[in-house]
Protein chains: 2
Amino acid sequence: MSISSRFSVGIHILSLLEINKDGVNTSEFIAGSVNTNPVVIRKIMGMLKNAGLVKVRPGVAGAELGKDISEITMLDVYKAVNVVQEKELFGVHANPNPSCPVGKNIQETISPIFSAAQLSMEKALDNVTIMDVVKEIIEKGQGT
Amino acid sequence: MSISSRFSVGIHILSLLEINKDGVNTSEFIAGSVNTNPVVIRKIMGMLKNAGLVKVRPGVAGAELGKDISEITMLDVYKAVNVVQEKELFGVHANPNPSCPVGKNIQETISPIFSAAQLSMEKALDNVTIMDVVKEIIEKGQGT
DNA sequence: TTACATGTAACAATATAAGTTACAACTAAT
DNA sequence: ATTAGTTGTAACTTATATTGTTACATGTAA
């Protein structure tokens, strides 16, 4: 199991919008960098737009960042692209037997444990911004 | 997306083995508590067995715990049932365009971020034992 | 009006999860 | 040694999610 790559693609898109901010970032151009279909990009862009991370308009070519990259965290992107629902990172088996003490109480017992683990992961994502990513990409690029 | 319920079922099984340690815990009995098919239980039990968390033998009815429940953490179960591979909680899009500075460096840049977030989640799982779960189940049971 | 972009619906291909059937291998008890 | 019952697995089905793709309506600017 892996969390959808919409997340990594979302990060890729936002980083590209910053690094190529003087160019015209059409879905086709971005798709060329990500190496996928433009429609995939447009779908993800739609989610980023709903979250206010990106500005796009029907008919007009190119997308722009909706916020300063220092104010967009990995968690913002993660939530925008809807890869994991709240408290649902861990699947829990449905309908355990209520006439068994374990079956009756297992769900309520483990769900706070799972929620805490999920929150801990999300908190880590909140500590990194697109700016951090962009800086790192540029640094690695220098090395060439 | 959710992490496979094999994990929650694994926790259920181990808790049941403790709480019903004086009974004979066949796959059919456990399946009755989890409310699934006995074969599903046997598959998961096989994984728990490989990890040394459970003792089962072909032909002989009933499973037993392989370790003291205070020494089995959620992380042990999580790893045993193989729901998430190391460094693969987050999927990353393959083959980004190497002739674009972003495409060239995005994978190397985000993978440590993703690994850190995954580790943070796993660390949280390592703080809770089956004993904690069992105690909680018993407490909730008292309230009845 | 035209050229070109975005926004979406609809569909295909693939992968995984979860359940199910069937049966071989094994053990303990008679 | 035979039998009854259990575990261990392979094979298959069903359901769901992801990713990619085609097609086209909608919108904008020149």
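The shown structure was predicted, so the numbers you read here are calculated from the model rather than taken from an experiment. Letters A, B, ... are given to chains in the order of the sequence lines, protein chains preceding strands, and every chain is numbered from 1.
With the nearest nucleotide of DNA chain C identified for both A:G59 and B:G59, A:G59 has the one nearer the 5' end. Each of B:V83 and B:V39 was matched to the nucleotide of DNA chain C holding its nearest heavy atom; the match closer to the 5' end belongs to B:V83. With the nearest nucleotide of DNA chain D identified for both A:R42 and A:S4, A:S4 has the one nearer the 5' end. Comparing A:N37 and A:R57, the nucleotide of DNA chain D nearest to each residue sits closer to the 5' end for A:N37.
Taking atom CG of B:N50 as the reference point, atom P of D:dG8 lies 10 Å away to the nearest angstrom. Straight-line distance from the CE atom of B:M47 to the C1' atom of C:dA17: 11 Å, rounded to whole Å. Computed from coordinates, the A:I44 CD1 to D:dT19 P distance equals 8 Å when rounded to whole Å. At whole-Å resolution of the value, CD in B:E28 and P in D:dG8 are 15 Å apart. To the nearest angstrom, P of C:dA17 lies 14 Å from CD1 of A:I3. For B:L48 and D:dG8, the CG to P distance is 11 Å, given to the nearest whole Å.
The A:S27 side chain lies nearest to C:dT6 when the options are C:dT6, D:dT28, C:dA18. Residue B:P58 places its side chain closer to C:dC26 than to any other of C:dC26, D:dT6, C:dT27. Taking the side chain of A:R6 as heavy atoms from C-beta on, and the options C:dT20, D:dT19, D:dT22, the nearest nucleotide is D:dT19. Proximity note for B:M1 (side chain, C-beta onward) versus D:dT18, D:dG8, C:dA18: the nearest is D:dT18.
Judged by atom type and distance alone, B:K49 does not reach the base of D:dT9 through any side-chain donor-acceptor pair under 3.5 Å. For C:dT20, the base has a donor-acceptor partner in the side chain of B:K43 [N/O atoms by modelled type, under 3.5 angstrom].
Remark: A:T36 is in phosphate contact with D:dG20, judged by side-chain N or O atoms under 4.0 Å from OP1 or OP2.
Looking at A:E108 and B:K140, a side-chain N of the basic residue comes within less than 4.0 Å of a carboxylate O on the acidic one, giving a salt bridge.
Note: B:F7 and B:Y78 have perpendicular aromatic rings, judged against thresholds of 30 and 60 degrees for the angle between ring planes.
Heavy atoms of A:G91 sit nowhere under 4.0 angstrom from any nucleic acid atom.
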